[in-house]
Each structure stands twice: as C-alpha cells, then as structure tokens.
Amino acid sequence: MRRIKRALSSLGDAAWEWMNDHKYVSVFFSGVIIDFWANWYGYAINHDWIVLQAFLGFFLPILNFPFIHWFIDEKCVTERFKLTVLAACSMMIGSTLMLLMIHAGIGVGTDVIP
C-alpha cells in the first residue's frame, strides 16, 4: 500500500512539474476542458440532471486549481494578462465544442440521462 501511495505521489509530482514547465500549454488545454465542463454543468442544471450536476460541480473547482494558482502566484501584470487571454481563447473553444456536441444530439435527452 505504501508503494502505491509513493508511486501516486511521484506521478502527481511529475505531472505538476510538467504542467509548471509547460504553463501556457497547460492553461490552454485545461481551459478548453474547464469551459466545456462548466457549460455541461449549466446544461445539467437546466435539465434537472441532479447527479450529473453534483459530480460536475464538485470537480469544477479542482480543475480550476492550476490556473488560479498560477494567476495568483504571478506578480507581473503582463504575464497575468497573457494567462487571461490564453484562457479566454481556450474557453471560447470549450464553449463551441459544447454547443456543437449538443447541436449534433450527443449527450442530450432522456436517452442518455433519465
């Protein structure tokens, strides 16, 4: 059990180190996922999908953690602005993907979630 904990901790450390080394790539891809996730959360609320909404709502702040950490930790306004613009672009893509998915009929109606 301790080896598993050490392995997971090591994996988490390696992932965090990679994300720190590739901050802009991480912000971009996490922004797409976060915005898609947030829109899916709103869609679940509108359709009374309580369990899905609870699951999505729980993980949304966790997904936002790296971006918020980097934004708060960054003291240079120019770097904060770069992170903000990058996140805005990625969130535009996330929203568009969510709308295209709904438009295509994927994940909608009572066929997916009663």
*Asks:* I need the minimum non-hydrogen distance between Gly31 and Ser90, along with the two atoms involved.
*Replies:* CA-OG, 3.2 Å
*Asks:* How many angstroms lie between atom OG1 of Thr96 and atom CE of Met101, to the nearest 0.5 angstrom?
*Replies:* 13.0 Å
*Asks:* Calculate, to the nearest 0.5 Å, the distance between atoms CD1 and CG belonging to Ile33 and Asn64 respectively.
*Replies:* 11.5 Å
*Asks:* Return yes if some donor-acceptor pair links the side-chain N/O of Arg80 with the main-chain N/O of Trp70 below 3.5 Å, else return no.
*Replies:* no
*Asks:* Are Glu74 and Lys23 close enough for a salt bridge, meaning some N to O gap below 4.0 Å?
*Replies:* yes
*Asks:* Do Ile62 and Ile72 belong to the same hydrophobic cluster, where Ile, Leu, Val, Met, Phe, Trp and Tyr are linked whenever their side-chain heavy atoms lie under 4.5 Å apart, directly or via other members?
*Replies:* yes
*Asks:* Under a single-linkage definition using a 4.5 Å side-chain heavy-atom cutoff for Ile, Leu, Val, Met, Phe, Trp and Tyr, are Val25 and Leu86 assigned to the same hydrophobic cluster?
*Replies:* yes
*Asks:* Begin from the C-alpha positions of Phe36 and Met91 and carry the test side chain to side chain contact (heavy atoms under 4.5 Å, CB included) through to its verdict.
*Replies:* CA-CA 8 Å; Phe36 182 90; Met91 290 177 160; over 6 Å; no
*Asks:* Is there a path of hydrophobic side-chain contacts, each under 4.5 Å between heavy atoms of I/L/V/M/F/W/Y residues, joining Phe29 to Ile68?
*Replies:* yes
*Asks:* For the residue pair Phe28 and Tyr24, establish whether any side-chain heavy-atom pair is separated by less than 4.5 Å.
*Replies:* no
*Asks:* Linking I/L/V/M/F/W/Y whenever any side-chain heavy atoms sit under 4.5 Å apart, do Trp16 and Leu83 land together?
*Replies:* yes
*Asks:* What is the minimum heavy-atom distance between Asp35 and Gly94, and which atoms define it?
*Replies:* OD2-C, 3.7 Å
*Asks:* When the ring centroid of Phe55 is compared with that of Phe59, is the distance short of 6.0 Å?
*Replies:* yes
*Asks:* As an exercise, state the distance from CZ of Arg6 to CG of Asp13, rounded to the nearest 0.5 Å.
*Replies:* 13.5 Å
*Asks:* Do Ser26 and Trp18 touch side chain to side chain, with heavy atoms closer than 4.5 Å?
*Replies:* yes
*Asks:* Please check if Leu56 and Leu99 belong to a single hydrophobic cluster, counting links between Ile, Leu, Val, Met, Phe, Trp and Tyr side chain heavy atoms closer than 4.5 Å.
*Replies:* no
*Asks:* I need the minimum non-hydrogen distance between Leu60 and Ile34, along with the two atoms involved.
*Replies:* CD1-O, 3.8 Å
*Asks:* Measure the shortest side-chain to side-chain distance between Met98 and Trp37 over non-hydrogen atoms and say whether it is less than 4.5 angstrom.
*Replies:* no
